[in-house]
Amino acid sequence: MSNPPSHALPVESGPMDLIVTDLAVARGGIPVLEGVGFTLTAGRALILRGPNGIGKTTLLRTIAGLQPPLSGKISAPAEAIAYAAHADGLKATLTVTENLRFWAAIYGTGDITPALSAMNLLGLANRPAQALSAGQKRRLGLARLLVTGRPLWLLDEPTVSLDTDSVALFGQAVAGHLARGGAALIATHIELGLPSTEVLDLSPHRARADAPAPGGFDEAFA
Amino acid sequence: MSNPPSHALPVESGPMDLIVTDLAVARGGIPVLEGVGFTLTAGRALILRGPNGIGKTTLLRTIAGLQPPLSGKISAPAEAIAYAAHADGLKATLTVTENLRFWAAIYGTGDITPALSAMNLLGLANRPAQALSAGQKRRLGLARLLVTGRPLWLLDEPTVSLDTDSVALFGQAVAGHLARGGAALIATHIELGLPSTEVLDLSPHRARADAPAPGGFDEAFA
Amino acid sequence: MIALLVRDLRLAVRAGGGFGLGLAFFLIVTTLVPFGVGPEGGILARIAPGILWLGALLACLLSLDRIFALDWEDGSLDLLATAPVPMEAVVAMKAASHWLTTGLPLTLAAPVFGILLNLPAEGFTWLTLSLALGTPALSMIGAFGAALTVGLKRGGLLLSLLVLPLYVPTLIYGAEAARRGAEELSASTPLLLLVGITFATIALLPFAAAAAIRVNLR
Amino acid sequence: MIALLVRDLRLAVRAGGGFGLGLAFFLIVTTLVPFGVGPEGGILARIAPGILWLGALLACLLSLDRIFALDWEDGSLDLLATAPVPMEAVVAMKAASHWLTTGLPLTLAAPVFGILLNLPAEGFTWLTLSLALGTPALSMIGAFGAALTVGLKRGGLLLSLLVLPLYVPTLIYGAEAARRGAEELSASTPLLLLVGITFATIALLPFAAAAAIRVNLR
Amino acid sequence: MSIWEYANPKKFMETSDRVLPWVAVLTALTLVTGLVWGFFFTPEDYKQGSTVKIIFIHVPAAMMAINAWAMMLVTSLIWIVRRHHVSALAAKAAAPVGVTMTLIALFTGAIWGQPMWGTWWAWDPRLTSFLILFLFYLGYIALWEAVENPDTAADLTSVLCLVGSVFAILSRYAVNFWNQGLHQGASLSLDAEENISDAYWYPLLLCMAGFVLLFLTLVLVRTRTEIRARRLKALEARERMA
Amino acid sequence: MVELGKYAGTVLGAYGATVVLLVGLVAITLWRGKRVRRALEAQEKRMARNG
Ligand code: HEM
Ligand SMILES: Nc1ncnc2c1ncn2[C@@H]1O[C@H](COP(=O)(O)OP(=O)(O)OP(=O)(O)O)[C@@H](O)[C@H]1O
Ligand SMILES: Nc1ncnc2c1ncn2[C@@H]1O[C@H](COP(=O)(O)OP(=O)(O)OP(=O)(O)O)[C@@H](O)[C@H]1O
Ligand SMILES: [Mg+2]
Ligand SMILES: [Mg+2]
């Protein structure tokens, strides 16, 4: 397992491009996106755009390896991905520090204070997570990313319910990550004002529902 | 119980100003805001601004009557308030229609199709809520407001995880509500571009944790 | 009001849960007992009424947390609290739907399980009767317990811990009635007491439960 | 890995749950039984081992849904699945922490409750022994059931429906060992079989459970 | 062509469509003749009296109850290894039939027990293990019902079926260890000599064949239904997406 | 007609229960089969018509 040097916010080195080619993903058995392809190289960020329900979350989950793709291929370096979902995975009864420590231990990284300060949580360090406001929870969820020490971030609407200052804070964090040779794939509806980003609009990739062949029972039943 | 005329999106008439005077609210026993005061009259919207954790949610919950104020007073017309929280209160296994019908029945209002169309949910009408994306869920949660038929809306970050079109949609819905003589109190971090709105910044109202009188154990134990 | 009842019943059915599962659990408990205490028919017959009552009670118990917890998690309890319906009514409806999905099927199925524990023939009517009269109390008391523990993550065990002592009187009178019935003694006294308990709980507990919920929502 | 165990134990303690509540439930069940089946010492002594085993089993059962459901709801299961730890290890740890918070305390407390049901003196050691050897299997099987039902809202009852049949062999051998011990017969055979089951489940079920979780996460 | 061709839904639908009528007719013939023969034209047993006639439904039902589970186990394995939807759906289709067979064995047995053993139910190993089998069926069906996404449901139920089978066998031995019962041992062996007399033996064979065929027919029909239902679901989903 | 002796109730009960269960199973199977087939045909028609 990756055990990076313990200087602040460590990031692995090595070739770590995420290459997605002609990917098709399904949700609940229904094809959602098809023909998605892009390459994400070190130091760059890719913004996923698209209306609600186009399939951003599904795409991210697939790349994170939580669900198998319908077709196409994803080539990502092993043990490189850190995924942040709609839900933050916080334990209500544990304090901010305990929550972070746990993830740091799981990812085998060291010290959590850099993450805390980066997300401006030092003041709340030993407040139980249930006593946080929506935005504070979210900030803690993002601090988790910093302790993973993983180079490739998959973020699903990270700025939800963050105020403008916190959004700026988050922007800096991502920028720093990119600067250290990390990469980020971000699904969001708002402007983040990051450096060196491309934007990928998913709307053209919506899976077409073509009329089924009557009486046609192939393996996919449609 | 209020049984409004059954034309689309009915709104009660009558004097329905929300008057908040010198309000102080606490969360988890800790004073959060104090000296909050404002008046919200029919046809107008008030935006609550403030950094994460300042106390917007707490304030809204207090006005909604879910928790008692520390001090100060809130005068709102009876049965006028509809509250939309961070969570949408959807039943995963019920379809969009069933979810809305239920709330319509609870509030004794009639037909739900206007709400569905207003939030552009007609296409998803009989999809189970668990099969909705984050933004679609949110839209359903907002559609709930429209079937309450209540004139005074309390909205807690209503646009979370909505795409730009949906935000516009929501803006129209609120504008229409105001036009019909409703009012809205909205906590949000982003620009909604509504007509006839004031903005209330809560930052100056943050509760000072003033040093307790030495040895003085008053009612509040501080 | 009715809308709430309908919704909950629908949810119970949708969830593939409701009716069937309570029964299945009841069945399984009654089948596990002989594995525990051994197969001798005599002993089983002696303890049958008590075990059946215990089984019904536990089947109720396991489904209690569903009463409010789900509504709390997805926030609809907040919204119901701000809706134009008295919280007391909400509680009553919730308890009612719980009984319809748990207590009622259990009552109807109890005789069959009686056979498995070779309950003497005389016992059946009394068993059914006592269950029919007693289970509503179980649901109502359970709703109260659920109201107390709503909002605590994994209330499950705490809930049962709170509720079980409250179940004691119901259990005693119910099992007593069933046993006397099985032994062909007069079972009217315990039955009357049972009815008393049921009505008292239904009359009073909704208010206590509603108060508890309001506190928990703060 | 250890971090996970520590976290879960800490959560169990924080939640005021874990240790205390399982015990309390056990206590209450064992106290309710006399109410249910009547106080005759003779019968109680006969059924005591079985009832105690049943009580332990149900106490385990009630806390099963906590194993994965909470982590699923707050999304940390997703995150664990993408973390550099094998899902099998996660399952094993979860089962371990469940046993530490449920099975172990029950085992230690069982003799006390034995007194309540006037279990004959000879029985105590065997009861404790059988519980100590059997409860790990209960936790592991339970974890498997929880893995199957994670993500289903209100898995509770379905979970018990799935798990209880799987508990049958463990219960039979466990209770048999305890009963034979109480009746001063040789209890070594059932004990050996019990140990066999426990080891088998611990060796194999984590893989099945992990597979189930991965399926549920897609 | 390999037999896996038939695992393709389209192929399966065509083939089953062709064979189904014949199987159905054959089933009807065998079952009716078997039961009529058994019910009307068999002598009374000297000690069991006319109740022996129950054997003609009891034993075949019991047999099929076990075999149905075995078939579910096989199809589940096929699904896990080769991901043929048809076999998963076949398992789903078989479960309710198996449960009914179990119920029949339990009912007839219980009714039989009343005169023979003087009790409806005794915790005899065989009876008990059947009760446990019944529980396994219940859990299996409940899990299918509870899970929304069909593929997920198929996977989960398959895993349950595998683990369940192991534990079912464990339970069988446990129960035997736990209590030695009054139920007659297996007296059906291939040569009918040291066995119940031919007078019962031949109609019994016929009934067994009938039950096997009945099971086959029902599973075929139900599998076709499941396939259609699955396709219907997929189509509705597509319509929604469009 | 067969002569069932004093066990008539038992035997008839057993056969009766069996017949009821089997007929019920068959009926349910056929009924659901027909319903699903109808629904599927309708669906296919509709989708063939509009795209
Ligand atoms: C609910 C109660 C009962 C159940 C669940 C049950 C179950 C079974 C099972 C599983 C078999 C094995 C079938 C096979 O060999 O494949 C069987 C066979 C048989 N049962 Fe029962 N049985 C029950 C009650 C009875 C009773 C009360 C009688 C009559 C006294 C009886 C008489 C037989 C006979 C004669 C056979 C055939 C034995 C053989 O040749 O295998 N059963 N039963
Ligand atoms: N249960 C609790 N116990 C103690 N303090 C709490 C609790 N919940 C929230 N707080 C604190 O109360 C303050 C106000 O919380 P609130 O949720 O009202 O903030 P908010 O303005 O809604 O923030 P956001 O914009 O992030 O939603 C925060 O500082 C928070 O840390
Ligand atoms: N469990 C499910 N079953 C069936 N369809 C689903 C399920 N979950 C989501 N969907 C559908 O899959 C599509 C993609 O969902 P997804 O959550 O990926 O969208 P998204 O791009 O993340 O939207 P948002 O921006 O609102 O989060 C949506 O149309 C949604 O309706
Ligand atoms: Mg999303
Ligand atoms: Mg808030």
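Here is the naming used below: chain letters follow the sequence lines, and residue numbers restart at 1 for every chain.
In this structure, F:Arg35 places its CZ atom where more than 12 heavy-atom neighbours from other residues, nucleotides or ligands lie under 6.0 Å away.
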- Mind running side-chain contact (heavy atoms from CB on, under 4.5 Å) on E:Leu106 and E:Phe130 for me, showing each step along the way? CA-CA 8 Å; E:Leu106 285 170; E:Phe130 247 57; 4.2 Å; yes

- Message: With salt bridge (charged side-chain N to carboxylate O under 4.0 Å, His left out) as the criterion, how do E:Glu226 and F:Arg32 come out once you've worked through the C-alpha distance, each side chain's angles and the decisive distance to 0.1 Å?
- Response: CA-CA 10 Å; E:Glu226 291 300 340; F:Arg32 176 153 183 273; 3.1 Å; yes

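Taking the centre of each ring, E:His58 and E:Trp112 come in below the 6.0 Å mark.
Chain E forms the most heavy-atom pairs under 4.5 Å with one residue out of F:Ile28, F:Leu22, F:Val20, F:Leu30, and that residue is F:Leu22.
Here the closest non-hydrogen pair linking E:Phe56 and E:Cys207 is O-CB, 3.4 Å. Taking every heavy atom of both residues into account, E:Met71 and E:Ala94 meet most closely at SD-CB, 3.5 Å.
Checked against side chain to side chain contact (heavy atoms under 4.5 Å, CB included), E:Val99 has the following partners two or more places apart in sequence or in another chain: E:Phe134, E:Tyr137, E:Ile141.
Proximity to chain F at a heavy-atom threshold of 4.5 Å picks out E:Leu214, E:Leu218, E:Val221, E:Arg222 from residues 212-222 of chain E, in numerical order.
Of the two parts of F:Val26, the backbone and the side chain both hold a non-hydrogen atom closer than 4.5 Å to a non-hydrogen atom of chain E.
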